[in-house]
Amino acid sequence: EVQLVESGGGLVQPGGSLRLSCAASGFTFSTYFMHWVRQAPGKGLMWVSRINGDGSMTHYADSVKGRFTISRDNAKNTLYLQMSSLRAEDTAVYYCTRDPGKNWFDPWGQGTLVTVSS
Amino acid sequence: QSALTQPASVSGSPGQSITISCTGTSSDVGGYNYVSWYQQHPGKVPKLMIYEVSNRPSGVSDRFSGSKSGNTASLTISGLQAEDEADYYCSSYTVTSSTLYVFGTGTKVTVL
(Lines give C-alpha, C1' and ligand atoms only; values in the text may rest on other atoms or scores of the structure.)
Protein backbone atom coordinates (compact mmCIF):
# COMPACT_ATOMS: atom_id res chain seq x y z
CA GLU A 1 0.00 0.00 0.00
CA VAL A 2 1.31 3.42 -0.93
CA GLN A 3 1.72 5.61 2.15
CA LEU A 4 2.92 9.13 2.75
CA VAL A 5 3.33 10.27 6.35
CA GLU A 6 4.23 13.87 7.13
CA SER A 7 5.76 15.13 10.35
CA GLY A 8 7.51 18.18 11.73
CA GLY A 9 4.68 20.69 11.90
CA GLY A 10 4.03 22.86 14.92
CA LEU A 11 3.86 26.37 16.30
CA VAL A 12 6.66 28.72 15.27
CA GLN A 13 7.18 32.45 15.69
CA PRO A 14 7.26 34.80 12.70
CA GLY A 15 10.73 34.78 11.21
CA GLY A 16 11.40 31.29 12.52
CA SER A 17 12.27 28.06 10.76
CA LEU A 18 10.82 24.57 10.58
CA ARG A 19 11.63 21.39 8.67
CA LEU A 20 8.87 19.12 7.47
CA SER A 21 9.43 15.48 6.58
CA CYS A 22 7.39 13.06 4.52
CA ALA A 23 8.15 9.34 4.87
CA ALA A 24 7.15 7.34 1.82
CA SER A 25 6.50 3.61 1.55
CA GLY A 26 4.88 1.10 -0.75
CA PHE A 27 6.41 2.35 -4.01
CA THR A 28 9.76 3.03 -5.65
CA PHE A 29 10.27 6.50 -4.21
CA SER A 30 13.16 7.54 -6.45
CA THR A 31 11.10 7.17 -9.62
CA TYR A 32 8.48 9.77 -8.72
CA PHE A 33 8.29 13.52 -8.66
CA MET A 34 7.16 14.73 -5.24
CA HIS A 35 5.31 17.88 -4.27
CA TRP A 36 4.30 19.93 -1.27
CA VAL A 37 0.83 21.47 -1.37
CA ARG A 38 -0.63 23.56 1.43
CA GLN A 39 -4.09 24.53 2.62
CA ALA A 40 -4.64 27.48 4.93
CA PRO A 41 -7.41 27.01 7.51
CA GLY A 42 -10.78 27.11 5.78
CA LYS A 43 -9.16 27.93 2.43
CA GLY A 44 -8.32 26.19 -0.82
CA LEU A 45 -5.29 24.29 -2.00
CA MET A 46 -2.06 25.98 -3.05
CA TRP A 47 0.90 24.31 -4.74
CA VAL A 48 4.19 25.04 -2.96
CA SER A 49 7.06 23.10 -4.48
CA ARG A 50 8.14 20.16 -6.66
CA ILE A 51 11.26 18.01 -6.87
CA ASN A 52 12.15 15.42 -9.50
CA GLY A 53 13.15 11.84 -8.79
CA ASP A 54 16.87 12.27 -8.32
CA GLY A 55 16.56 15.66 -6.64
CA SER A 56 18.35 17.55 -9.39
CA MET A 57 15.43 19.82 -10.32
CA THR A 58 13.30 21.88 -7.97
CA HIS A 59 10.57 24.44 -8.49
CA TYR A 60 8.78 26.79 -6.12
CA ALA A 61 5.76 29.05 -6.01
CA ASP A 62 6.82 32.68 -5.99
CA SER A 63 5.33 33.18 -2.54
CA VAL A 64 7.88 30.79 -0.97
CA LYS A 65 10.84 31.13 -3.34
CA GLY A 66 14.01 32.00 -1.48
CA ARG A 67 12.50 31.00 1.88
CA PHE A 68 11.61 27.32 1.39
CA THR A 69 13.86 24.49 0.17
CA ILE A 70 12.57 21.13 -1.01
CA SER A 71 14.88 18.12 -0.91
CA ARG A 72 14.78 14.35 -0.77
CA ASP A 73 16.81 11.43 0.52
CA ASN A 74 16.07 8.48 -1.72
CA ALA A 75 18.05 6.13 0.50
CA LYS A 76 15.64 6.97 3.33
CA ASN A 77 12.54 7.30 1.13
CA THR A 78 11.94 10.70 2.66
CA LEU A 79 10.93 14.10 1.29
CA TYR A 80 11.73 17.32 3.13
CA LEU A 81 10.64 20.94 3.16
CA GLN A 82 12.94 23.34 4.97
CA MET A 83 11.01 26.49 5.75
CA SER A 84 12.64 29.70 6.96
CA SER A 85 11.65 33.35 7.44
CA LEU A 86 8.16 32.09 8.17
CA ARG A 87 5.24 34.48 7.99
CA ALA A 88 1.72 34.38 9.38
CA GLU A 89 0.44 33.71 5.87
CA ASP A 90 2.41 30.45 5.77
CA THR A 91 0.04 29.03 8.39
CA ALA A 92 -1.51 25.97 6.77
CA VAL A 93 -1.74 22.22 6.64
CA TYR A 94 1.15 21.03 4.49
CA TYR A 95 0.56 17.91 2.41
CA CYS A 96 3.14 15.87 0.55
CA THR A 97 1.92 14.16 -2.56
CA ARG A 98 3.25 11.93 -5.31
CA ASP A 99 3.34 12.63 -9.04
CA PRO A 100 4.27 10.04 -11.68
CA GLY A 101 5.61 12.85 -13.85
CA LYS A 102 2.24 13.46 -15.44
CA ASN A 103 1.26 16.50 -13.39
CA TRP A 104 -1.30 15.03 -11.05
CA PHE A 105 -1.18 14.37 -7.34
CA ASP A 106 -1.91 10.92 -5.92
CA PRO A 107 -2.01 9.95 -3.14
CA TRP A 108 -1.75 12.64 -0.47
CA GLY A 109 -0.35 12.30 3.00
CA GLN A 110 -2.47 13.12 6.03
CA GLY A 111 -0.89 16.55 6.32
CA THR A 112 0.98 18.38 9.06
CA LEU A 113 -0.18 21.69 10.50
CA VAL A 114 2.21 24.62 10.59
CA THR A 115 1.11 27.61 12.66
CA VAL A 116 3.12 30.82 12.47
CA SER A 117 2.18 33.09 15.34
CA SER A 118 3.74 35.03 18.17
CA GLN B 1 -0.92 33.62 -10.88
CA SER B 2 -4.63 33.68 -10.03
CA ALA B 3 -6.51 30.57 -9.00
CA LEU B 4 -8.73 28.85 -11.53
CA THR B 5 -12.36 29.96 -11.23
CA GLN B 6 -14.93 27.51 -9.92
CA PRO B 7 -18.48 28.14 -8.68
CA ALA B 8 -18.57 28.41 -4.91
CA SER B 9 -21.36 25.88 -4.59
CA VAL B 10 -23.39 23.43 -6.63
CA SER B 11 -26.28 21.36 -5.37
CA GLY B 12 -28.47 18.57 -6.61
CA SER B 13 -30.89 15.91 -5.47
CA PRO B 14 -29.94 12.26 -5.19
CA GLY B 15 -29.85 10.64 -8.61
CA GLN B 16 -29.42 13.90 -10.48
CA SER B 17 -26.38 14.99 -12.46
CA ILE B 18 -24.36 18.08 -11.68
CA THR B 19 -21.45 19.76 -13.45
CA ILE B 20 -18.68 21.82 -11.90
CA SER B 21 -16.81 24.23 -14.16
CA CYS B 22 -13.17 25.25 -13.86
CA THR B 23 -12.17 28.29 -15.91
CA GLY B 24 -8.60 29.30 -16.56
CA THR B 25 -6.62 30.73 -19.43
CA SER B 26 -4.64 29.59 -22.44
CA SER B 27 -1.60 29.45 -20.13
CA ASP B 28 -3.07 26.70 -18.00
CA VAL B 29 -6.35 24.84 -18.67
CA GLY B 30 -6.49 25.80 -22.33
CA GLY B 31 -2.84 25.13 -23.01
CA TYR B 32 -2.35 21.66 -21.57
CA ASN B 33 -4.26 18.44 -21.06
CA TYR B 34 -3.00 18.29 -17.50
CA VAL B 35 -6.23 19.11 -15.70
CA SER B 36 -7.01 17.01 -12.64
CA TRP B 37 -9.83 17.01 -10.08
CA TYR B 38 -9.75 16.31 -6.34
CA GLN B 39 -12.48 15.50 -3.83
CA GLN B 40 -12.06 16.56 -0.23
CA HIS B 41 -14.48 15.62 2.51
CA PRO B 42 -14.45 17.85 5.62
CA GLY B 43 -11.35 17.24 7.69
CA LYS B 44 -10.06 14.70 5.21
CA VAL B 45 -7.26 14.45 2.70
CA PRO B 46 -7.78 15.38 -0.99
CA LYS B 47 -8.43 12.41 -3.27
CA LEU B 48 -7.65 12.26 -6.99
CA MET B 49 -10.85 11.77 -9.01
CA ILE B 50 -9.84 12.66 -12.58
CA TYR B 51 -6.44 13.12 -14.24
CA GLU B 52 -5.40 14.39 -17.66
CA VAL B 53 -8.81 16.00 -18.22
CA SER B 54 -10.94 12.87 -18.49
CA ASN B 55 -9.16 9.80 -17.08
CA ARG B 56 -10.43 8.06 -13.97
CA PRO B 57 -8.02 6.34 -11.58
CA SER B 58 -8.85 2.76 -10.69
CA GLY B 59 -11.29 2.64 -7.82
CA VAL B 60 -13.06 5.89 -8.68
CA SER B 61 -16.72 5.47 -9.58
CA ASP B 62 -17.65 5.81 -13.25
CA ARG B 63 -20.28 8.31 -12.12
CA PHE B 64 -17.43 10.85 -12.23
CA SER B 65 -16.34 12.16 -15.62
CA GLY B 66 -14.24 15.04 -16.89
CA SER B 67 -14.03 17.10 -20.05
CA LYS B 68 -12.52 20.29 -21.41
CA SER B 69 -13.47 22.91 -23.96
CA GLY B 70 -11.13 25.79 -24.59
CA ASN B 71 -10.08 27.36 -21.31
CA THR B 72 -12.80 25.64 -19.26
CA ALA B 73 -12.68 22.16 -17.79
CA SER B 74 -15.68 20.42 -16.26
CA LEU B 75 -16.35 17.66 -13.76
CA THR B 76 -19.70 15.90 -14.02
CA ILE B 77 -21.12 13.74 -11.28
CA SER B 78 -24.01 11.60 -12.46
CA GLY B 79 -26.41 9.67 -10.25
CA LEU B 80 -25.59 11.99 -7.33
CA GLN B 81 -25.24 10.20 -3.98
CA ALA B 82 -25.06 11.45 -0.41
CA GLU B 83 -21.40 10.41 -0.19
CA ASP B 84 -20.56 12.81 -3.03
CA GLU B 85 -21.16 15.78 -0.74
CA ALA B 86 -17.69 17.33 -0.43
CA ASP B 87 -15.43 20.08 -1.73
CA TYR B 88 -14.02 19.65 -5.21
CA TYR B 89 -10.90 21.32 -6.61
CA CYS B 90 -9.57 21.39 -10.14
CA SER B 91 -5.87 21.77 -10.87
CA SER B 92 -3.86 22.53 -13.96
CA TYR B 93 -0.24 22.53 -14.96
CA THR B 94 0.87 25.96 -16.06
CA VAL B 95 4.02 27.64 -17.17
CA THR B 96 4.13 31.07 -15.69
CA SER B 97 6.78 32.95 -13.83
CA SER B 98 5.02 32.51 -10.52
CA THR B 99 4.01 28.86 -10.27
CA LEU B 100 4.01 25.47 -11.99
CA TYR B 101 0.55 24.41 -10.91
CA VAL B 102 -2.63 26.28 -10.14
CA PHE B 103 -5.66 25.04 -8.23
CA GLY B 104 -9.26 26.10 -8.56
CA THR B 105 -11.08 28.13 -5.95
CA GLY B 106 -13.04 25.07 -4.87
CA THR B 107 -16.70 24.06 -5.14
CA LYS B 108 -18.88 22.83 -2.30
CA VAL B 109 -21.22 20.13 -3.57
CA THR B 110 -24.38 19.70 -1.54
CA VAL B 111 -26.72 16.76 -1.93
CA LEU B 112 -30.22 17.99 -1.14
Side-chain angles (χ1 to χ4, degrees), chain A residues 1-7 9 22 24 26-27 32-52 57-68 70 81 89 92-113, chain B residues 1-9 20 22 24 28-29 31-60 66 73 75 86-108:
Chain A
E1 179 195 3
V2 175
Q3 269 203 311
L4 300 170
V5 180
E6 300 94 335
S7 61
C22 170
F27 65 100
Y32 285 83
F33 285 73
M34 296 295 295
H35 301 256
W36 289 98
V37 176
R38 72 185 184 187
Q39 186 170 34
K43 302 297 184 183
L45 301 168
M46 193 201 98
W47 176 80
V48 173
S49 183
R50 182 185 81 173
I51 188 168
N52 68 340
M57 285 200 308
T58 59
H59 294 87
Y60 301 91
D62 267 7
S63 57
V64 307
K65 200 174 293 182
R67 300 187 299 121
F68 290 12
I70 190 172
L81 186 67
E89 54 264 36
V93 174
Y94 285 74
Y95 296 102
C96 71
T97 181
R98 183 184 74 163
D99 169 7
K102 299 295 183 69
N103 303 307
W104 71 78
F105 313 113
D106 179 60
W108 300 54
Q110 88 286 351
T112 188
L113 176 61
Chain B
Q1 177 70 16
S2 300
L4 305 175
T5 301
Q6 298 180 231
S9 62
I20 303 167
C22 168
D28 39 64
V29 173
Y32 307 93
N33 286 326
Y34 290 129
V35 176
S36 50
W37 289 89
Y38 303 88
Q39 177 192 63
Q40 187 178 33
H41 288 104
K44 300 298 185 181
V45 171
K47 175 186 175 184
L48 176 69
M49 304 301 284
I50 295 288
Y51 65 94
E52 291 179 340
V53 176
S54 58
N55 295 298
R56 244 185 345 267
S58 61
V60 171
L75 174 71
D87 293 325
Y88 291 82
Y89 295 92
C90 60
S91 175
S92 176
Y93 176 76
T94 181
V95 182
T96 70
S97 60
S98 62
T99 189
L100 274 188
Y101 300 89
V102 60
F103 282 94
T105 49
T107 298
K108 169 67 177 177

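By convention in this document, chain letters (A, B, ...) are assigned in the order of the sequence lines, proteins followed by strands, and residues within each chain are numbered from 1.
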Contacting region of A/Lys43 [heavy-atom separation from chain B under 4.5 Å]: backbone
Side chains of B/Leu48 and A/Trp104 in contact at under 4.5 Å (non-hydrogen atoms): yes
Under 4.5 Å from a heavy atom of chain A, the part of B/Tyr38 involved: side chain
Whether B/Tyr101 and A/His35 hold their rings parallel, tilted or perpendicular, with breakpoints at 30° and 60°: perpendicular
Side chain proximity check, B/Tyr89 to A/Gln39, heavy atoms < 4.5 angstrom: yes
Side chains of B/Ser91 and A/Leu45 in contact at under 4.5 Å (non-hydrogen atoms): no
Gap between atom NZ of A/Lys102 and atom CG of B/Asn33 - 0.5 Å precision: 12.5 Å
Toward chain A, the part of B/Tyr34 with a non-hydrogen atom under 4.5 Å: both
Residue A/Phe105 versus chain B: region with a heavy atom under 4.5 Å: both
A/Val37 versus chain B, the contacting section by heavy-atom distance below 4.5 Å: side chain
Minimal non-hydrogen separation, A/Trp47 against B/Leu100, with atom names: CZ3-N, 3.4 Å
